[in-house]
Asks: 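Encoded as structure tokens, here's the structure I'll be asking about.
Proteins get letters first, then strands, A, B, ... in listed order; numbering begins at 1 in each.
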There are 4 protein chains.
Amino acid sequence: MSALAQDNDSKKGRPRSDASKRAILDATRRLLNHTTVQKLSIESIAKKAGVGKTTIYRWWPSKASVAMDAIFTQPGFQNIVPTTSSAAEGIHIQLQKIVTQLNGKNGRVVAQIISEIQDDYEAVEAFHKSFMQARCFQLAKLVDQGMKSGEFRDDIDIETTVDTLMGPIIFRLMSGLVMTENYADKVMDAVLPGIKA
Amino acid sequence: MSALAQDNDSKKGRPRSDASKRAILDATRRLLNHTTVQKLSIESIAKKAGVGKTTIYRWWPSKASVAMDAIFTQPGFQNIVPTTSSAAEGIHIQLQKIVTQLNGKNGRVVAQIISEIQDDYEAVEAFHKSFMQARCFQLAKLVDQGMKSGEFRDDIDIETTVDTLMGPIIFRLMSGLVMTENYADKVMDAVLPGIKA
Amino acid sequence: MSALAQDNDSKKGRPRSDASKRAILDATRRLLNHTTVQKLSIESIAKKAGVGKTTIYRWWPSKASVAMDAIFTQPGFQNIVPTTSSAAEGIHIQLQKIVTQLNGKNGRVVAQIISEIQDDYEAVEAFHKSFMQARCFQLAKLVDQGMKSGEFRDDIDIETTVDTLMGPIIFRLMSGLVMTENYADKVMDAVLPGIKA
Amino acid sequence: MSALAQDNDSKKGRPRSDASKRAILDATRRLLNHTTVQKLSIESIAKKAGVGKTTIYRWWPSKASVAMDAIFTQPGFQNIVPTTSSAAEGIHIQLQKIVTQLNGKNGRVVAQIISEIQDDYEAVEAFHKSFMQARCFQLAKLVDQGMKSGEFRDDIDIETTVDTLMGPIIFRLMSGLVMTENYADKVMDAVLPGIKA
DNA sequence: AGGTAACCGAGACGGTACGTCACGTCTTTAC
DNA sequence: GTAAAGACGTGACGTACCGTCTCGGTTACCT
């Protein structure tokens with residue numbers, strides 16, 4: 001069960017309709033092909049999904065949550081951890097995967113989700129839990145591992161280093177600037193010399 | 001004249017009221033102390049400023065534009081170019097100024113503006129023109145200057161380097177993460193070793 | 001159900017609120033004591049009735065429709081058919097009732113409704129259905145009955161005769177001229193000699 | 001000078017522009033071919049006439065006044081008094097002229113003017129002065145003349161008789177009902193038998 | 001001849017109301 | 001007890017006109 005939505009713990013009564021859930025997420029995905037998260041409305045999702053508004057409100061606290069569920073449960077949006085020989089290579093692969101995930105349509109939607117969330121603390125938390133945290137944590141782990149193995153210098157600040165890896169990507173994402181497919185390489189070229197032992 | 005609002009080039013007819021303009025920007029600034037850009041409404045600005053809604057719509061295309069005008073015309077939000085001995089020092093000072101500008105209340109508002117803008121291409125352009133461009137361009141110039149003077153390596157990619165400088169700041173800004181006053185130093189420590197000759 | 005408003009035929013969903021309907025018509029009646037139909041606004045009705053504007057728009061197509069519903073559903077505005085010995089007496093009574101209904105406050109409102117309606121074909125139809133038709137039809141029936149019983153001449157034009165009965169009343173109503181309580185008698189005196197056998 | 005607009009009594013200063021006056025009335029007439037008096041706006045007249053709004057407000061108190069000036073100064077809208085042998089014939093001709101004037105496009109506009117005026121006492125007065133009064137007064141004079149000459153009975157109420165002549169026409173005008181070209185004949189047939197000696 | 005008073009066009013201004021949209025809640029019936 | 005349907009109060013949207021105002025300019029008359 002996703003962390004974005006409520007749980008259905010009760011045993012009594014009619015059980016939650018999985019058909020409805022699927023219809024809602026499908027409708028959301030389809031609508032996001034033609035509009036932005038900002039212009040998306042609970043009402044339009046409900047109508048397109050053939051579902052009552054209350055059903056959506058029962059399980060998700062906001063349209064941003066629905067959008068997150070719709071986007072992050074798509075195939076290709078998991079944060080699968082690679083096994084590599086060197087820390088640098090691991091970081092490179094990880095960055096490449098993130099760039100791929102955030103390029104094109106999906107990237108726009110993620111940018112819109114980040115935007116939509118700005119004044120909702122709980123949603124920010126949910127977003128970090130379901131997207132940022134895992135990716136950043138893994139980068140941090142790889143940096144740490146590189147430091148311990150002697151591949152990287154031992155006096156670098158892990159947190160800031162992760163920022164210089166993720167930051168540029170998010171920066172370009174939010175700026176609406178073009179992000180070429182080889183942008184991960186560029187970031188690696190820029191950051192690696194500064195941390196190599 | 002700001003790039004955010006229409007101009008009043010015509011000589012005919014009643015001239016634009018400066019009092020109204022000031023009242024609108026003042027009201028916006030005061031309202032932004034208590035709400036977010038998202039929750040701000042043209043109607044509330046008009047009411048607080050004692051102004052007709054049409055007067056706002058006449059000169060600004062959206063509430064985000066008003067917010068930008070209100071924030072970026074504040075004292076302390078100019079991008080004054082420092083003269084320094086070394087490129088590194090120039091970059092450092094520039095980053096510090098940006099961190100200062102984006103820390104606290106104003107930073108939240110800028111984050112909200114970036115958010116509010118996501119589905120409006122024209123507004124994104126306006127934002128970059130009035131905030132990002134000057135700051136990024138200057139960083140690029142400093143990097144370039146450092147390369148030419150031999151202070152930095154001559155094989156670095158300027159654009160990506162600028163991304164590694166600005167990216168972390170924007171990343172933390174949009175993530176709602178804490179950004180300590182010395183965050184500029186941290187970014188410098190992380191990035192400088194990679195570009196020094 | 002009045003012809004002025006939409007119907008709520010569907011069985012599904014939350015049923016129409018009778019409390020809101022009553023509140024709207026009451027508020028309209030109270031407001032019409034202090035203003036004209038022209039100066040009446042949907043917004044003021046909504047505010048006074050403690051109701052959303054959309055609720056009004058859902059059931060009535062225009063403020064004139066609301067006004068009609070408010071006025072014509074008042075007690076004393078029904079077109080009750082009298083049983084009389086002679087056609088002339090029936091006509092007289094009918095005219096007297098109409099004059100009574102259109103004298104004073106209510107008359108002003110009806111005049112304003114007729115005015116408000118002038119550029120809305122559908123509303124004109126609705127007005128005739130809910131006010132004019134029944135009254136004119138009954139006058140026509142009485143004239144016809146008088147012709148058949150030999151009380152009136154048999155070569156008169158029913159439609160035009162009804163016009164000479166209703167016409168003067170509406171004429172004075174729309175002209176803002178005084179209409180004394182005995183105006184019905186005057187019209188009878190003027191028209192009857194021309195149609196008596 | 002029309003009774004509808006202000007006068008230009010002052011001798012000093014730039015004199016009133018006749019070109020503007022004509023442009024305003026022309027524009028109004030052209031606009032009234034495509035809309036109603038209700039939907040007409042001072043702003044649209046000003047724009048179409050190439051004239052400042054203030055110029056209109058300076059000379060006319062309301063759009064209804066402008067419309068009256070535009071309509072009633074057209075050729076064919078004068079109330080020329082005929083000389084006839086009998087009172088009945090004079091009345092007949094007068095009614096026919098009124099029906100002709102109020103049939104078709106112009107009739108619709110007059111109906112709209114009457115409507116537009118309802119809550120403006122001054123405008124009602126102006127309307128009666130420039131349209132109703134002359135026509136009703138002449139009918140009254142003819143009725144009076146017929147009574148005195150023995151053509152009509154001597155116990156009829158002049159005012160109410162005029163009402164039975166004008167009333168039906170205004171009634172049909174305001175009701176949006178068809179008014180055939182021979183409607184004057186019908187009214188004569190209905191009213192004359194009741195007043196003939 | 002110059003001053004000045006009233007006109008004119010343009011168009012910005014503070015307002016009011018419009019009719020629409022989406023919100024999140026509520027109240028039905030149906031399953 | 002969950003669901004679809006849809007009415008409800010609320011609040012903001014962006015637009016249209018209102019009637020007023022302030023500009024720069026343009027006539028005319030009156031010293």
Asks: Examine distances only and state if a side-chain atom of C:S44 and a backbone atom of C:L40 form a donor-acceptor pair shorter than 3.5 Å.
Replies: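 Not confirmed, C:S44 side chain does not pair with C:L40 backbone.
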Asks: Counting only side-chain nitrogens and oxygens, does D:W59 get under 4.0 Å of the OP1 or OP2 atom of E:dC8?
Replies: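 For D:W59, the contact criterion (side-chain N or O under 4.0 Å from OP1 or OP2 of E:dC8) is met.
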Asks: Between F:dG9, E:dC26, F:dG19, which nucleotide gets closest to the side-chain atoms of D:Y57?
Replies: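 Looking only at side-chain atoms, D:Y57 lies closest to F:dG19.
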Asks: Counting only side-chain nitrogens and oxygens, does C:S17 get under 4.0 Å of the OP1 or OP2 atom of F:dA7?
Replies: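 Looking at the OP1 and OP2 atoms of F:dA7, neither is under 4.0 Å from any side-chain N or O of C:S17.
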Asks: What is the separation between atom CZ on A:R58 and atom C1' on E:dC23, rounded to the nearest whole Å?
Replies: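 The answer, rounded to whole Å, is 17 Å.
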Asks: Please tell me if B:T54 has a side-chain N or O lying less than 4.0 Å from either OP1 or OP2 of E:dG15.
Replies: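 No.
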Asks: Strictly under 4.0 angstrom, non-hydrogen atoms only: write out the protein contact profile of nucleotides 25-31 of chain F, one letter per nucleotide from the 5' end, B, S or -.
Replies: BBBSS--
Asks: Taking all non-hydrogen atoms of both residues into account, name the closest pair between B:S115 and A:Q38 and its distance.
Replies: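 In terms of heavy atoms, the two residues are closest at O-NE2, 4.5 Å.
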Asks: Which of residues 24-42 of chain D sit near DNA chain E, with a heavy atom under 4.0 Å from it?
Replies: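 Here the set is empty: none.
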Asks: Report yes if a side-chain nitrogen or oxygen of B:S20 is closer than 4.0 Å to either non-bridging phosphate oxygen (OP1 or OP2) of E:dA12; otherwise report no.
Replies: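 Negative; the distance criterion is not met.
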Asks: Using the salt bridge (Lys or Arg N to Asp or Glu O under 4.0 Å) criterion, which residues pair with D:E122? Sequence neighbours excluded.
Replies: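 D:E122 satisfies salt bridge (Lys or Arg N to Asp or Glu O under 4.0 Å) with no residue once adjacent residues are dropped.
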Asks: Select one nucleotide: of E:dG14, E:dC23, F:dG9, the one nearest the side-chain heavy atoms of A:E43.
Replies: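 From the listed options, E:dC23 comes nearest.
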